[in-house]
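Worksheet: one structure, shown below.
Each residue takes its place number in the sequence, starting with 1. Atoms within each ligand, like the ligands themselves, are counted from 1 in listed order.
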Amino acid sequence: MSKIRIDFLSTLPDCFSSVLNTGILRIAQEKNLIDFHIHNLHDYSDNKFGHIDDTPYGGGAGMLIKCQPVFDCINKLKNERDYDEIIYVTPEGKLFDQNMANELSLMKSIIILSGRYKGIDQRIRDSLITREISIGDYVLSGGELPSLVIADAIARLIPGALGDSESALTDSHMDGLLEPPQYTRPAIYNGMEVPKVLTSGNHKLITEWKEKKSREKTNKLRPDMLK
Ligand code: SAH
């Protein structure tokens, strides 16, 4: 198993550290399964004030991230190693889902570019970006949270990242269904009882029950997934 490398390009690099250094993301790095590298686009600016944005040609509200710092940063990285994907997170991209996370988790090195302000110069998208991903039909103020969402979804899929290696496989969406209802001790809490079958010890019945409940729940909450 080769390890995954993710390079984040951002104008607000401070957004990343607390999330990357907590929980499964921290553990995956400690186990040497994944490496994160954060690049501050201001450090790549050829402008003496470190400016990375400018007003759009043709007018309009807001500022855009300029070509120069992004081209310089990505070209430097590409000279150092091959990248499987150079991703721009944007509300215009393909909607992120579990299939995409599974696919990305098989890659070796990925760049994820976060936009800010009104977005980025189109020429970056035309000549450097290989894939555009949206995390949902709403607009955030920057690409940092979407980048972290993608990194988290990838990291937890790497074999060994989760304590119980099976548990990623039984999550909702992995098999096109939501997961069944789950319970933990005590068997009776404030008069509310855990379904009898789960405490029966009969594994065949338990598996059947879980499959049935998975289907019922998906049908009720996400009928679109069964189509
Ligand atoms: N003017 C742009 C929105 C800019 S929002 C437009 O209309 O499409 C600023 C940045 O936040 C974007 O460049 C993008 O990197 C990020 N972003 C905002 N919403 C996002 C979403 N739903 N998914 C992924 N990235 C998003």
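The single protein non-hydrogen atom nearest to atom 14 (C) of ligand 1 is Val89 O, 3.0 Å, given as residue, atom name and distance. Among protein heavy atoms, atom 7 (O) of ligand 1 sits closest to Glu92 OE2, 4.7 Å. For atom 23 (N) of ligand 1, the closest heavy atom belonging to the protein is Ile135 N, 3.1 Å. Looking from atom 3 (C) of ligand 1 to the surrounding protein, the closest heavy atom is Val139 CG1, 3.9 Å. When hydrogens are left out, the protein atom nearest atom 24 (C) of ligand 1 is Thr90 N, 3.4 Å; that is the closest non-hydrogen contact. In this structure, atom 5 (S) of ligand 1 lies nearest to the protein heavy atom Leu140 O, 3.2 Å. Ranking the protein heavy atoms by distance from atom 9 (C) of ligand 1 puts Tyr117 O, 3.4 Å first. Protein heavy atom closest to atom 2 (C) of ligand 1, with residue, atom name and distance, is Lys118 O, 3.4 Å.
Which of Pro91, Pro56, Gly60 comes nearest to atom 20 (C) of ligand 1 through a heavy atom is settled by distance: it is Pro91.
Considering backbone and side-chain N/O atoms, Ser114 never comes within less than 3.5 Å of an N/O atom of ligand 1. Looking at ligand 1, you'll find an N or O of Gly115 within less than 3.5 Å of one of its N or O atoms.
With respect to Glu208 and Lys213, no salt bridge is recorded, no charged nitrogen being found less than 4.0 Å from a carboxylate O. Between Lys76 and Glu80 a salt bridge is recorded (basic side-chain N to carboxylate O distance below 4.0 Å).
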(request) Run the numbers on Asp126 and Gln122 for side-chain hydrogen bond (donor to acceptor under 3.5 Å, both in side chains), then give the verdict. (result) CA-CA 6 Å; Asp126 292 342; Gln122 181 63 36; 2.8 Å; yes
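Residues Pro146 and Ile133 fail the side-chain proximity criterion, which asks for heavy atoms closer than 4.5 Å. Between Leu104 and Ile150 the shortest side-chain heavy-atom distance falls below 4.5 Å. Annotation: side chain of Lys66 is not in contact with side chain of Ile124 (no heavy-atom distance under 4.5 Å). Residues Asp171 and Arg156 meet the side-chain proximity criterion, which asks for heavy atoms closer than 4.5 Å. Taking 4.5 Å as the limit, every side-chain heavy atom of Leu41 sits out of range of all side-chain heavy atoms of Arg116. Residues Ile112 and Leu9 form no side-chain contact, since every pair of their non-hydrogen atoms from C-beta on lies 4.5 Å or further apart.
Here Ser134 has heavy atoms under 4.0 Å from ligand 1 in both its backbone and its side chain. For Ile133, every heavy-atom contact with ligand 1 shorter than 4.0 Å involves the backbone, none the side chain. Proximity of Tyr88 to ligand 1, defined as any heavy-atom pair under 4.0 Å, is confined to the side chain (atoms from C-beta onward).
Here the side chain of Gln98 pairs no donor or acceptor atom with the backbone of Asp175 at under 3.5 angstrom.
When each atom of ligand 1 is checked for a heavy atom of Gly119 under 4.0 Å away, the hits are 13 (O). Shown in contact with Gly136 at under 4.0 Å from a heavy atom are these atoms of ligand 1, numbered in order with element: 22 (N). If you number the atoms of ligand 1 from 1 as listed, the ones under 4.0 Å from a heavy atom of Pro146 come out as 24 (C), 25 (N), 26 (C). Ligand-side atoms of ligand 1 in range of Gly143: 11 (O), 15 (O), 16 (C), range being under 4.0 angstrom from any heavy atom.
Note on ligand 1: Asp137 sits outside its first shell, no heavy atom being nearer than 4.0 Å.
Considering Lys108, Arg5, Arg131 in turn, Arg131 is the only one that fulfils the salt bridge (Lys or Arg N to Asp or Glu O under 4.0 Å) rule with Glu85.
Ring planes of His39 and Tyr44: perpendicular class, angle over 60° (limits at 30 and 60°).
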